[in-house]
Amino acid sequence: MMKAAIQERQVDVLVIGGGTAGPMAAIRAKESDPSLSVLLIEKANVKRSGAISMGMDGLNNAVIPGHSTPEQYVREITIANDGIVNQKAILAYATNSFQMIQRLDKWGVKFEKDDTGEYAVKKVHHLGNYVLPMPEGHNVKKILYRQLRKNRVEISNRYKVTRILVDDRRRVAGAVAVDTRTAEITIIKARAVILCTGAAGRLGLPSSGYLFGTYENPTNAGDGHAMAFHAGAELSGIECYQVNPLIKDYNGPACAYVTGPLGGYTANARGERFIECDYWSGQMMLEFFKELQGGNGPVFLKVNHLAEETIATIENILHTNERPSRGRFHANRGTDYRHDMIEMHISEIGLCSGHSASGIWVNERAQTTIKGLYAAGDAACVPHNYMLGAFVYGEIAGVEAANYCKDTPLYEYDAGYVEQEVARIRAPLAKIGGLTPYQAEYKIRRLVNDYLQPPKVTKKMEIALHRFAEIREDLSELTADCPHNLLRALEVYDILDCAEMAATASLYRTESRWGLYHYRVDHPEKDDEDWFCHVQLFKDETGGKACKSIPVEPYVYEPNDHEKQAYDKLRILTKEMA
């Protein structure tokens, strides 16, 4: 394949990722200052990309007046995340939650309402009421796309961004991108860059063995996490894995969020409810794990005790939004919600702030530790942020980036760094008969399962880092026979970076916290005296992955003693336990 000339272009705001946060960031940046050139770049197609590509069945964290307050929500998430939070960042979300719901409603996103026209908020969380169903949530992407076109945001589909460029004073200067159809490389100079690349979903290997059969959107390979690291930005909470309950063999969410308010619940093999709250938290997942490992497993979603009308409502929501293949899966298995419980299991690990707390460190203005670099959505470390949090922080990042551009010139990038990156990108195309990206990816993710899946063991994680170092040497043999497989080869580098980050951060925090998310067999107790802190992962002077701790800032809202213990008491006690 001939080497095409490297293209160069410039924009004011570059938004990377066209899923949930990215379109909102681009729209709000353009609305804030229509004179700005705003480019939304996506490695798939913005019309059907990201975790909400097929829609969404509800909002998990809607802070709506009359049902909850920002203060209540901040305290809820603080205790759900074992206290390790930046409350200012969570409060920024909570304060802007309702106005975002109103914006989406005005655009045409349909939320469930009662007979009076008020939002029909449900209870699933341990303390507050925050769940707002979206029975017709399949059209979210179409609505976002219409707003992008209305605001004349420029869109480039089928581009894989590989690196963020910074100047000699660690200020954003742009990015490097490769066309996944032609392998042509473009240098994009930008005043501000917003990372909206989603979770690191292709980290652990699903039990099915399929590389793309992941719980998270399989296109989200941790690109943004890796780009932030290599640019010199800090990441936080990487040791706080995402581990979720899912439908066995389907690898989609069982959706207790949807069924819980209607009377469904998580049950053991005897049909007994063993946790009193189905809100996803590390402690909930630890109780789930214990039930699986004990004599009461497997674990199931139980809805077969509900009335026909209720079950029909559940089926309508679950089988038409987000993952519409779910209904066909159950039909082919002969599973009927009216008669059967639905077997559940534990997902492969990932890095995601939406369901957990791991991501690129940001403050309440979506700013990273690199000037001019912003992050939003599942890639940014705002715990338990979910879809609505991605929209809110996309808006925050877009507005902040637009304001930043007013007084910011285009900075110069390091030409030598770009030359090295171009060589890295092109290397697999020049390699004949080497290691395919699919072989390399399978090997990395199998090792992630073998050595990093919790419960975590020190020696296993040390072995993992050793094996990952060996694989990194092997990546010089990566081959790509077409531009699409070049995309996959470049994603292998991202996946390996995320695997090394996960092991490094997990080894650094020598305690157990967040239930199953960071349960260390060698250090089984929580240690608030030494480890009530954020663990920041960063690139050291040698280019390696290192960690440091920073204190948790004083709370804006201090949870009371009763609330602090709420998530430690999820298990329903039987007569034998009492």
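No experiment lies behind these values; they were computed from the predicted model shown.
- With no hydrogens or angles considered, a side-chain donor-acceptor pair links Asn268 and Glu291 at under 3.5 Å.
- With no hydrogens or angles considered, no side-chain donor-acceptor pair links Glu42 and Ser156 at under 3.5 Å.
- A cation-pi arrangement is not found for Arg445 relative to Phe212, the charged atom failing to lie both closer than 6.0 Å to the ring centre and inside a 45° cone about the ring normal.
- Checked against the 6.0 Å centroid threshold, Tyr517 and Tyr241 do not count as a close aromatic pair.
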Return a table of donor-acceptor pairs under 3.5 angstrom between the side chains of residues 64-77 and protein atoms on other chains or two or more places apart.
| residue | atom | partner | partner atom | Å |
| --- | --- | --- | --- | --- |
| Thr69 | OG1 | Gln72 | N | 3.1 |
| Glu71 | OE2 | Arg75 | NH1 | 2.7 |
| Gln72 | OE1 | Thr69 | N | 2.9 |
| Tyr73 | OH | Asn61 | ND2 | 3.4 |
| Tyr73 | OH | His384 | O | 3.3 |
| Arg75 | NE | Glu563 | OE1 | 3.0 |
| Arg75 | NE | Glu563 | OE2 | 3.3 |
| Arg75 | NH2 | Glu563 | OE2 | 3.2 |
| Glu76 | OE1 | Leu127 | N | 3.2 |
| Glu76 | OE1 | Gly128 | N | 2.8 |
| Glu76 | OE2 | His126 | N | 3.4 |
| Glu76 | OE2 | Leu127 | N | 3.3 |
| Glu76 | OE2 | Tyr567 | OH | 2.5 |

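- Residues Asn304 and Arg338 have side chains that never bring a donor and an acceptor to within less than 3.5 angstrom of each other.
- For the residue pair His355 / Gln242, a side-chain donor-acceptor distance below 3.5 Å is found, with atom types taken as modelled.
- Considering only heavy atoms from C-beta on, Lys122 stays 4.5 Å or farther from Leu132 through its side chain.
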For His225 and Cys498, run side chain to side chain contact (heavy atoms under 4.5 Å, CB included): C-alpha distance rounded to whole Å, both residues' side-chain angles, the deciding distance at 0.1 Å, then the answer. CA-CA 7 Å; His225 297 69; Cys498 289; 3.9 Å; yes
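- Side-chain contact annotation: Glu216 with Asn220, donor-acceptor N/O pair under 3.5 Å absent.
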Please lay out, stage by stage, how Lys290 and Phe274 fare under the test side chain to side chain contact (heavy atoms under 4.5 Å, CB included). CA-CA 11 Å; Lys290 289 178 179 177; Phe274 62 94; over 6 Å; no
Mind running side chain to side chain contact (heavy atoms under 4.5 Å, CB included) on Tyr438 and Asn485 for me, showing each step along the way? CA-CA 9 Å; Tyr438 303 96; Asn485 281 337; 2.7 Å; yes
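- A salt bridge between Glu441 and Arg488 is absent, with no side-chain N of the basic residue lying under 4.0 Å from a carboxylate O of the acidic one.
- In terms of the side-chain contact (heavy atoms from CB on, under 4.5 Å) criterion, residue partners of Asn139 (sequence neighbours excluded) are, by chain and number, Ile143.
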